Amino acid sequence: MNKQWVTYIILLFCVVAWGSNFVFGSILVKVFDPSLIAFFRLMFILIFLFFMTLRINKTKKLTLHNYFWLAVAGLIGVSLNQWSFYASLQFTEPVTASLILALSPIVTSLISSYWFKERKTFRFWGGSLVALLGVWLVITKGSFLVPSIGKGELLIGLTMLSFSVFLIFVQHLSKTIHPVTITWYSNVFGLIGLLPFVPWEDTHRVWSVPFSYWILLIVTAIVMHGLCTYMWNNSIHKVGASKAALLLNLEPFVAMVFGFFILAHTIQTLQLVGAFIIVMGVFISLRTKRETI
């Protein structure tokens with residue numbers, strides 16, 4: 001039990017880092033093209049991961065079948081995920097984006113239930129629905145009507161879906177492949193998948209971007225998508241993809257706090273109420289035990 005809570009603390013650190021990334025990402029898209037942000041971040045991530053994974057990646061030879069699924073995971077969970085995330089922040093607010101991404105636990109649980117034949121308890125689904133209620137409350141501003149969906153919401157929805165699918169891939173692949181190897185190759189294939197979509201004719205403009213933005217890009221890349229992705233992939237098989245994904249419901253609260261202190265965004269009472277409901281939903285669901293058919 002103690003080791004499991006250590007795992008949850010590690011996952012929570014990753015969630016805090018990723019939640020703050022909504023705010024930092026909204027800053028970066030003001031000076032970088034979304035495709036260029038994803039491209040440069042992945043380059044720095046791979047440089048960081050190279051020194052961490054070189055020894056481990058040599059310990060076991062991968063099959064062609066392994067490479068195929070690692071490539072699929074990389075294209076969906078890295079290429080598509082990274083591009084759609086930064087593209088969405090051009091059209092929607094960080095908190096709104098984080099709230100929509102908080103729906104990923106529901107989607108992950110649905111996919112996991114089908115793929116791994118998992119049967120969840122009533123309390124698990126009840127907690128998930130409570131968290132979903134908190135998300136819906138803030139999006140609809142308390143009216144509970146169907147909200148208007150724009151380009152930004154559609155793009156972050158694509159980010160949410162691609163991340164949920166990637167979590168399932170990681171849980172499946174981690175049964176036979178070391179998490180470090182999964183992290184390395186998914187990012188390699190993710191970078192390759194981005195190459196055709198990078199606006200190379202505009203790359204000369206990035207050299208005029210202030211150095212402070214480059215520091216922000218590099219640091220957030222290494223910490224949030226290098227170190228945290230490694231720790232997340234290394235921990236996900238210990239608690240399961242569905243329960244790990246539930247912690248992502250805390251990202252809106254993290255985004256609110258960082259948005260308040262960094263971007264001076266006002267935190268509305270409705271947002272706080274929604275965040276509290278989300279936290280309660282996560283707490284209820286995490287106290288359940290996973291059941292299998």
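Here the structure is a predicted model, which means the values were calculated and not measured. The first residue in the sequence is number 1, and the count goes up from there.
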Where at least one partner belongs to residues 187-200, residue pairs that pass side chain to side chain donor-acceptor pair (under 3.5 Å), sequence neighbours excluded: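 Of all non-adjacent pairs touching residues 187-200, none passes side chain to side chain donor-acceptor pair (under 3.5 Å).
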
Determine whether the aromatic ring centres of residues [Y] and [X] are separated by less than 6.0 angstrom.
X: Trp5; Y: Tyr8; value: yes
X: Phe169; Y: Trp69; value: yes
X: Tyr213; Y: Phe32; value: no

Phe253 CZ: over 12 foreign heavy atoms closer than 6.0 Å: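 No - once you tally the heavy atoms of other residues, nucleotides and ligands closer than 6.0 Å, there are 12 at most.
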
Could you tell me the separation between the [atom1] atom of [X] and the [atom2] atom of [Y], rounded to the nearest 0.5 Å?
X: Arg41; Y: Leu194; atom1: CZ; atom2: CG; value: 12.0 Å
X: Thr220; Y: Ile37; atom1: OG1; atom2: CD1; value: 9.0 Å
X: Phe13; Y: Trp18; atom1: CZ; atom2: CH2; value: 10.5 Å
X: Tyr185; Y: Thr181; atom1: OH; atom2: OG1; value: 7.0 Å

Test item: Ser235 side-chain N/O and Met231 main-chain N/O as donor-acceptor pair under 3.5 Å: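 Flag set: sc Ser235 to bb Met231 pair under 3.5 Å.
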
Main-chain N/O of Thr63 paired with Asn66 side-chain donor or acceptor, under 3.5 Å: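 Here the side-chain-to-backbone pair exists.
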
Partners passing side chain to side chain contact (heavy atoms under 4.5 Å, CB included) against Ala71 (at least two apart in sequence or in another chain):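 For Ala71, the residues satisfying side chain to side chain contact (heavy atoms under 4.5 Å, CB included) (neighbours in sequence not counted) are Phe189.
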
Side chain to side chain contact (heavy atoms under 4.5 Å, CB included) evaluation trace for Val23 with His265: CA-CA 10 Å; Val23 174; His265 286 176; over 6 Å; no

Steps toward side-chain hydrogen bond (donor to acceptor under 3.5 Å, both in side chains) verdict (Glu153, Thr96): CA-CA 8 Å; Glu153 287 73 24; Thr96 301; 5.5 Å; no

